[in-house]
Amino acid sequence: MRQFVVSVMTLAILFTPGVLAAQDVGEGLWANYDFVPGHRVLAYHDFDAAYVGNFPDRMTYLEGEMDIVRLPDGNQALRTRNTGRFVVPLEEALPARFTVEFRVHATDARSFVMMYSTEEKGAGRSPGKTLAALVGSQATGLTVGKYAEGPKSTRGMPPAFLVEDWVNVRIAVDGPYWKMYVDETRVANIPQVDFPRGNGLAFYLSMYPYDGDDLFVDDIRIAEGGRAILYDQLSATGKVITKGILFDTDSDRIRPESTPTLMDIAAMLEQHPELRLRIEGHTDDTGSATHNKPLSERRAAAVKAWLVGKRGVDASRLESAGLGAEQPVAGNDTAEGRQQNRRVELHRL
């Protein structure tokens, strides 16, 4: 039986604490960053509500030593101490266009995270004969398809990233086209891959050697969509829901990962000088309305201010408003629903 896999070899990415936080939207390496998260959340796991010491109940256990741990900063994450396999189940098959995001951290750089399709299942710790080829000890990237035969794209980097801090891994799939990013850097670019779309993604976590080190994974997000033509969406429906504008926690500071979405909005406004927009900030219902609504107002205003101040858009073409949790697009009783509700909307005026 065939097994298709994606190896996400997080073996050696340079990460300097504080450097990324100091960069603004579009600055430094972020200027060439083009990842946009999918807009419709298919699965989201932040493990905050999971029982410490247990395996999370909304994922499917396959094998290995894995449990939820509470870290010194109070955050909870999934840990493995040697190897582990699990499935993130979906209620539907993966679409043609989707994105995968997660955070990873380990205490030894000789670690990796691998994903493979659940359409056809392998047996044992290694997922069948088509296990993705492992990348070299100082490289990071993707190998998609059969072992030693699938297309691969990697980047050699200095060792050390995992033991420095958490890093963000993001993968964008558009039909046969695959891209992978680690923090602000694109590390893989594969234009032609036939990957079966199953009702879930299986993860394979491994530590080497197994000598008491830990590998942590958190904030797994799988979503339909990706980078899109904003004007076409706006013309068709009168509004665009974007998940690509991100903010620091409980803040209106726009994160640099928002670069491609903000650049797309600015380009749309430049190409269509008659266009006027209302920018709306929305939240989930976590926290009080007296806190959420003003926060959403400040966030919407921050987007407007960036477009005016950084891209020279005439302020009279833009309005901003914050609605807090008043207009949910999904239920707030699940992690996926709360993810859907945390958004920025663009409405044509």
Side-chain angles (χ1 to χ4, degrees), residues 23-28 30-41 95-99 170 172 174-175 177 179 184 223-248 251-284 292-330 339-349:
Q23 294 181 347
D24 201 354
V25 174
E27 289 186 356
W30 294 109
N32 296 313
Y33 178 82
D34 62 344
F35 176 84
V36 175
H39 63 278
R40 186 169 73 93
V41 180
R97 298 178 70 240
F98 67 93
T99 60
R170 303 178 176 100
D174 188 353
Y177 208 117
K179 292 181 180 180
E184 82 282 20
E224 180 181 16
R227 198 161 192 177
I229 306 301
L230 294 181
Y231 189 74
D232 290 350
Q233 294 181 349
L234 201 63
S235 298
T237 65
K239 72 174 184 179
V240 172
I241 297 176
T242 173
K243 302 294 291 183
I245 301 178
L246 308 175
F247 301 88
D248 284 349
S251 168
D252 60 2
R253 178 187 178 273
I254 302 174
R255 293 190 57 79
E257 298 95 316
S258 309
T259 294
T261 299
L262 288 170
M263 291 296 194
D264 285 349
I265 296 170
M268 177 176 65
L269 288 164
E270 291 167 3
Q271 293 164 10
H272 302 276
E274 79 291 350
L275 182 62
R276 297 178 61 243
L277 294 177
R278 171 183 167 96
I279 303 164
E280 293 183 355
H282 297 263
T283 70
D284 61 26
N292 287 339
K293 189 166 183 178
L295 176 61
S296 65
E297 291 171 350
R298 294 195 303 273
R299 287 178 168 178
V303 174
K304 176 181 177 179
W306 188 90
L307 291 167
V308 172
K310 297 292 188 179
R311 301 297 297 185
V313 177
D314 187 339
S316 66
R317 299 174 62 192
L318 303 174
E319 296 179 3
S320 66
L323 286 85
E326 294 174 1
Q327 296 183 5
V329 294
Q339 265 282 311
Q340 288 284 90
N341 291 330
R342 297 193 290 266
R343 68 199 190 276
V344 172
E345 292 189 5
L346 307 176
H347 291 252
R348 186 167 193 161
L349 294 173

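One-based numbering along the sequence shown.
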Any side-chain heavy-atom pair from [X] and [Y] closer than 4.5 angstrom?
X: V329; Y: R343; answer: yes
X: L307; Y: L277; answer: no
X: K310; Y: L262; answer: no

Distance from [X] atom [atom1] to [Y] atom [atom2], nearest 0.5 Å?
X: T261; Y: H39; atom1: OG1; atom2: NE2; answer: 12.5 Å
X: D252; Y: E297; atom1: CG; atom2: CD; answer: 11.5 Å
X: E184; Y: Y33; atom1: CD; atom2: OH; answer: 9.5 Å
X: R298; Y: F247; atom1: CZ; atom2: CZ; answer: 11.0 Å
X: T237; Y: R348; atom1: OG1; atom2: CZ; answer: 10.5 Å
X: L269; Y: L346; atom1: CG; atom2: CG; answer: 8.5 Å

What's the shortest heavy-atom distance between [X] and [Y], and which atoms?
X: Q233; Y: V240; value: OE1-CG1, 3.4 Å
X: E224; Y: P95; value: CG-CG, 3.5 Å
X: P273; Y: E270; value: CD-O, 4.0 Å
X: A321; Y: A300; value: O-CB, 3.3 Å

Tell me whether [X] contacts the main-chain N or O of [Y] through its side chain, where contact means a donor paired with an acceptor under 3.5 Å.
X: N341; Y: A330; answer: yes
X: S258; Y: L246; answer: yes
X: S320; Y: I279; answer: no
X: K243; Y: R342; answer: yes
X: K304; Y: L318; answer: yes
X: Q340; Y: V41; answer: yes

If we check side chain to side chain contact (heavy atoms under 4.5 Å, CB included) with E280, which of these qualifies: V303, I241, L323? L323
Using the side chain to side chain contact (heavy atoms under 4.5 Å, CB included) rule, take I265 and V313 through it: C-alpha gap first, then chi angles, then the decisive distance, then the call. CA-CA 10 Å; I265 296 170; V313 177; over 6 Å; no
Taking side chain to side chain contact (heavy atoms under 4.5 Å, CB included) as the test, write out the residues that go with R276, two or more places apart.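 In terms of side chain to side chain contact (heavy atoms under 4.5 Å, CB included), with neighbours along the sequence ignored, R276 is linked to R317, E319, L349.
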Could you list the residues that satisfy side chain to side chain contact (heavy atoms under 4.5 Å, CB included) with T283, not counting sequence neighbours? N292, S296, A325
Chi angles and distances behind the side chain to side chain contact (heavy atoms under 4.5 Å, CB included) call for D248, R255: CA-CA 6 Å; D248 284 349; R255 293 190 57 79; 2.7 Å; yes
With K293 via side-chain hydrogen bond (donor to acceptor under 3.5 Å, both in side chains) - residues at least two apart: E326
Run the numbers on E257 and F35 for side chain to side chain contact (heavy atoms under 4.5 Å, CB included), then give the verdict. CA-CA 8 Å; E257 298 95 316; F35 176 84; over 6 Å; no
Residues 259-282 vs ring-ring contact (aromatic ring centres under 6.0 Å, His included), sequence neighbours excluded, gives Y231-H272
If you look only at pairs with a residue in residues 296-326, which of them pass as a ring-ring contact (aromatic ring centres under 6.0 Å, His included), with sequence neighbours excluded? none
What salt bridge (charged side-chain N to carboxylate O under 4.0 Å, His left out) pairs are there with at least one residue in residues 225-240, not counting sequence neighbours? R227-D264
